[in-house]
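First up is the structure itself, then whatever we jot down about it.
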Number of protein chains: 2
Amino acid sequence: MDEVFKALADASRRSLLDRLHAKNGQTLNELCDGLAMTRQAVTKHIAILEDANLVTTFRHGREKLHYLNPVPIHQIGERWIKKFERAKLVALSELKRRLESDDE
Amino acid sequence: MDEVFKALADASRRSLLDRLHAKNGQTLNELCDGLAMTRQAVTKHIAILEDANLVTTFRHGREKLHYLNPVPIHQIGERWIKKFERAKLVALSELKRRLESDDE
DNA sequence: ATAATAGGCAACCAAATGGTTGCATGTCAA
DNA sequence: TTGACATGCAACCATTTGGTTGCCTATTAT
């Protein structure tokens with residue numbers, strides 16, 4: 001889980017996920033296309049995404065095809081965000097009360 | 001949004017949020033209690049959480065009270081995770097098809 | 001008044017991060 | 001078979017990160 005959060009912390013990696021979300025099954029060079037980064041930089045990002053199980057790859061000859069795996073993202077929503085979802089309304093009303101009170 | 005993701009990337013910071021989720025409105029020293037970190041380290045983490053708007057603070061005399069703000073977390077769920085939610089089923093069936101085919 | 005308490009600030013440090021360049025390897029096409 | 005293409009590996013570099021220690025300031029309690 002920690003690896004997923006860390007993987008999602010970087011904007012370049014999130015944008016790579018966005019790219020795969022738009023078009024799944026791209027090759028490495030396809031993913032590099034138009035990016036202000038060297039291929040090797042992208043390779044490193046992909047490796048981190050693979051470690052976090054956010055991207056799965058298949059070799060096809062000399063090409064490496066990249067597939068998005070949105071399951072860990074879904075799990076973050078399920079296991080972690082949901083927990084703070086309930087807290088939201090509580091926190092908001094608490095904040096309201098706090099801001100309206102004078103005794104501070 | 002980037003700041004929120006970055007703030008959530010660190011396990012210590014997530015655990016601080018967990019602590020505030022369990023008990024809102026704690027002072028700095030309360031938050032430090034039982035942690036294998038100096039107060040100053042916690043201060044830095046809190047600052048990052050404040051920058052990301054995940055924690056709001058109120059001064060009360062010499063104490064600084066910390067309140068969880070779960071709204072940015074909720075927004076991540078709404079704006080970002082939701083996007084990959086739909087992709088989940090697609091990706092899973094695609095993966096299944098992929099794994100079942102022989103021609104690779 | 002003064003000591004204890006709660007927190008802030010700044011300098012410093014090691015390790016992790018995000019990126020680069022250079023070269024090696026494997027696969028496809030002419 | 002040989003050149004071009006897709007990717008892999010490793011060394012290196014600057015910056016960021018997560019943490020420390022030492023000291024300063026403000027507030028509270030005795």
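Given the structure is predicted, the values throughout are model-derived calculations rather than measurements. Chain letters run A, B, ... following the sequence lines, proteins first, then strands; residues in each count from 1.
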**Study point:** Between C1' of dA26(D) and CG of Leu28(B), the distance in whole Å
**Key:** 15 Å

Exercise for review: Return the 5'-most residue of the pair Arg62(A), Ile48(A) with respect to DNA chain C, ranking by each residue's nearest nucleotide.
Suggested key: Ile48(A)

Point to revise | Qualifying residue for side chain to side chain contact (heavy atoms under 4.5 Å, CB included) with His66(B), from Thr27(B), Leu16(B), Leu31(B), Leu49(B) | key: Leu31(B)

**Study point:** Nearest-Å distance for atom pair CD1/C1', residues Ile46(B) and dT17(D)
**Key:** 17 Å

Check your understanding: 5'-most contact on DNA chain C: Thr38(A) or Asn29(B), nearest heavy atom basis?
Key -> Asn29(B)

Exercise for review: Would you please confirm or rule out a distance under 4.0 Å between OP1 or OP2 of dG19(D) and any side-chain N or O of Arg39(B)?
Suggested key: no

Check your understanding: Among dG19(D), dT20(C), dT21(D), which nucleotide sits nearest the side chain of Gln40(B)?
Key -> dT21(D)

Exercise for review: Between Ala9(B) and Gly61(B), name the one whose nearest nucleotide on DNA chain D is closer to the 5' end.
Suggested key: Ala9(B)

Exercise for review: Rounded off to whole Å, could you give me the NE2-to-C1' distance for the His45(A) and dT7(D) pair?
Suggested key: 17 Å

Revision key, fill the gap. When every non-hydrogen atom of Tyr67(B) is compared with those of Asn24(B), the smallest separation belongs to CA-OD1, 3.2 Å

Review point. How close or far is atom P of dG18(C) from atom CG of Leu8(A), stated in whole angstroms?
Key: 12 Å

Revision key, fill the gap. Rounded to whole Å, NE2 of His60(A) lies from C1' of dC28(C) at a distance of 11 Å

Check your understanding: Is it true that Lys6(B) and Asp10(A) have a side-chain N and a carboxylate O under 4.0 angstrom from each other?
Key -> no

Check your understanding: Do any side-chain nitrogens or oxygens of Lys64(B) fall under 4.0 Å of OP1 or OP2 in dG8(C)?
Key -> yes

**Study point:** Nearest-angstrom distance from the residue atom CG of Asp2(B) to P of dT17(D)
**Key:** 10 Å

Practice item. Round to a whole Å and report the spacing from CD of Glu3(B) to P of dT17(D). Key: 11 Å

Review point. Can Glu30(A) and Lys23(A) be said to form a salt bridge (charged side-chain N to carboxylate O under 4.0 Å, His left out), step by step?
Key: CA-CA 10 Å; Glu30(A) 243 177 316; Lys23(A) 186 188 172 198; 2.4 Å; yes

Exercise for review: Between dG19(C), dG8(D), dT20(D), spot the one nearest the side chain of Met37(A), thanks.
Suggested key: dG19(C)

Practice item. Starting at atom NZ of Lys6(A), determine the distance to atom C1' of dG18(C), rounded to an integer number of angstrom. Key: 14 Å

Check your understanding: For DNA chain D, whose closest nucleotide is more 5', that of Glu63(A) or that of Lys44(A)?
Key -> Glu63(A)

**Study point:** For the student: nearest non-hydrogen atoms of Glu85(A) and His74(B), plus distance
**Key:** OE2-CD2, 2.9 Å

